[in-house]
Amino acid sequence: MEIFKKIAPLKAFLKEFRTVGDTIGLVPTMGALHNGHLSLIDTSKSQNSLTVCSIYVNPTQFNNPVDLQKYPRNLEEDVKLLQKVGCDVVFCPSNEEMYTGQASLKFDFGALDKVMEGKFRPGHFSGVALVVSKFFNIVNPDRAYFGQKDWQQFAIIQQVVEELKFGLTLHSVPTLREADGLAMSSRNLRLNEQERLKATIFHQSLLAAQENLRQGRKITDAKKLVEEMIKKVPGVTLEYFEVADSKNLNVLEFVNEAEKPILCIAGYVGDVRLIDNMFLK
Ligand code: PAF
């Protein structure tokens with residue numbers, strides 16, 4: 001496995017590697033890797049001649065400095081895991097390598113980033129779009145892989161790819177869950193034992209809301225149900241629960257199956273912010 005910290009040698013390596021017919025898969029991550037990330041690597045490996053995994057905690061996507069500071073970092077362990085699953089290339093740049101001075105380029109996604117994550121984390125998606133565009137320019141992948149847990153992020157990146165004409169295909173890979181249903185996330189590492197148990201409430205309330213809506217109940221009823229379930233767990237707070245059109249992320253007031261609704265939730269367990277989602281069908 002090749003490890004690069006600098007852009008120029010990585011680009012030179014990829015240029016040398018790529019001959020006619022070869023494809024490159026990119027798995028962008030912020031490290032603290034778990035099995036969810038490894039399933040993205042596996043998928044990329046099964047579809048490409050070479051898989052690049054980037055590990056970079058991107059400061060411009062954090063609207064909360066404490067969150068950035070506390071984000072788990074474990075490069076040595078990550079590299080071992082990537083080696084084990086047969087990843088070909090790791091790119092782990094420094095801030096100086098990725099940003100020359102202050103980042104001033106901003107993205108505005110209109111309605112897409114004014115709801116849910118965009119509403120509660122202003123500037124977050126602009127930072128994601130900026131860093132992902134940099135990775136696309138540096139690696140020039142044929143395919144890039146993201147987890148379904150960050151569904152709104154996926155929709156945003158899809159728009160970036162379409163508008164900026166990056167010639168690549170995006171793949172969303174289903175969320176992996178722990179045995180008790182908790183969506184795998186690097187942030188789970190920050191939960192203490194009690195918080196870890198409480199965190200399952202997000203998955204449980206998504207399942208309950210999904211069941212409700214499948215039985216024909218209204219979205220307002222499903223919202224009340226979720227609010228009540230979360231309220232019962234001390235130390236857990238709900239930021240939002242929304243049912244959205246999975247394509248354009250418009251928040252729905254009524255279920256219309258043509259919009260392939262997705263149920264999205266975000267909240268805190270202690271001071272750890274978690275998100276999850278589930279398609280209605
Ligand atoms: O989903 C993530 O881990 C990050 O938002 C990403 C896509 C690696 C950009 O920093």
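Just so you know, ligand 1 is whichever comes first in the structure, and atom 1 is the first atom listed for that ligand.
- Ligand 1 has no nitrogen or oxygen under 3.5 angstrom from a nitrogen or oxygen of Thr29.
- With ring centers used as reference points, Phe91 lies 6.0 Å or more from Phe4.
- Within the listing of ligand 1, atoms 8 (C) sit less than 4.0 angstrom from a heavy atom of Pro28.
- Here the heavy atom of the protein found nearest to atom 3 (O) of ligand 1 is Met30 CG, 3.6 Å.
- Geometrically, Lys134 engages Tyr99 in a cation-pi contact, judged by NZ or CZ lying under 6.0 Å from the ring centre and within 45° of the ring axis.
- Under 4.0 Å from ligand 1, not a single heavy atom of Ile157 appears.
- Residue Gln153 approaches ligand 1 through these ligand atoms, each under 4.0 Å from one of its heavy atoms: 1 (O), 2 (C), 4 (C), 5 (O), 7 (C).
- The ring of Phe146 has its center no closer than 6.0 angstrom to the ring center of Trp151.
- The six-membered or imidazole ring of Phe125 lies away from that of Phe109, with a centre-to-centre distance of 6.0 Å or more.
- Under the 30°/60° scheme for interplanar angles, the aromatic rings of Tyr145 and His171 are found to lie parallel.
- Polar contact with ligand 1: present for Gln61 (N/O pair, distance under 3.5 Å).
- Annotation for ligand 1: atoms under 4.0 Å from non-hydrogen atoms of Val131 are 9 (C), 10 (O).
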Requested in this report: Check the pair Asp88, Lys45 against salt bridge (Lys or Arg N to Asp or Glu O under 4.0 Å), reporting the backbone distance first and the verdict last.
Outcome: CA-CA 9 Å; Asp88 304 294; Lys45 275 174 62 69; 5.2 Å; no
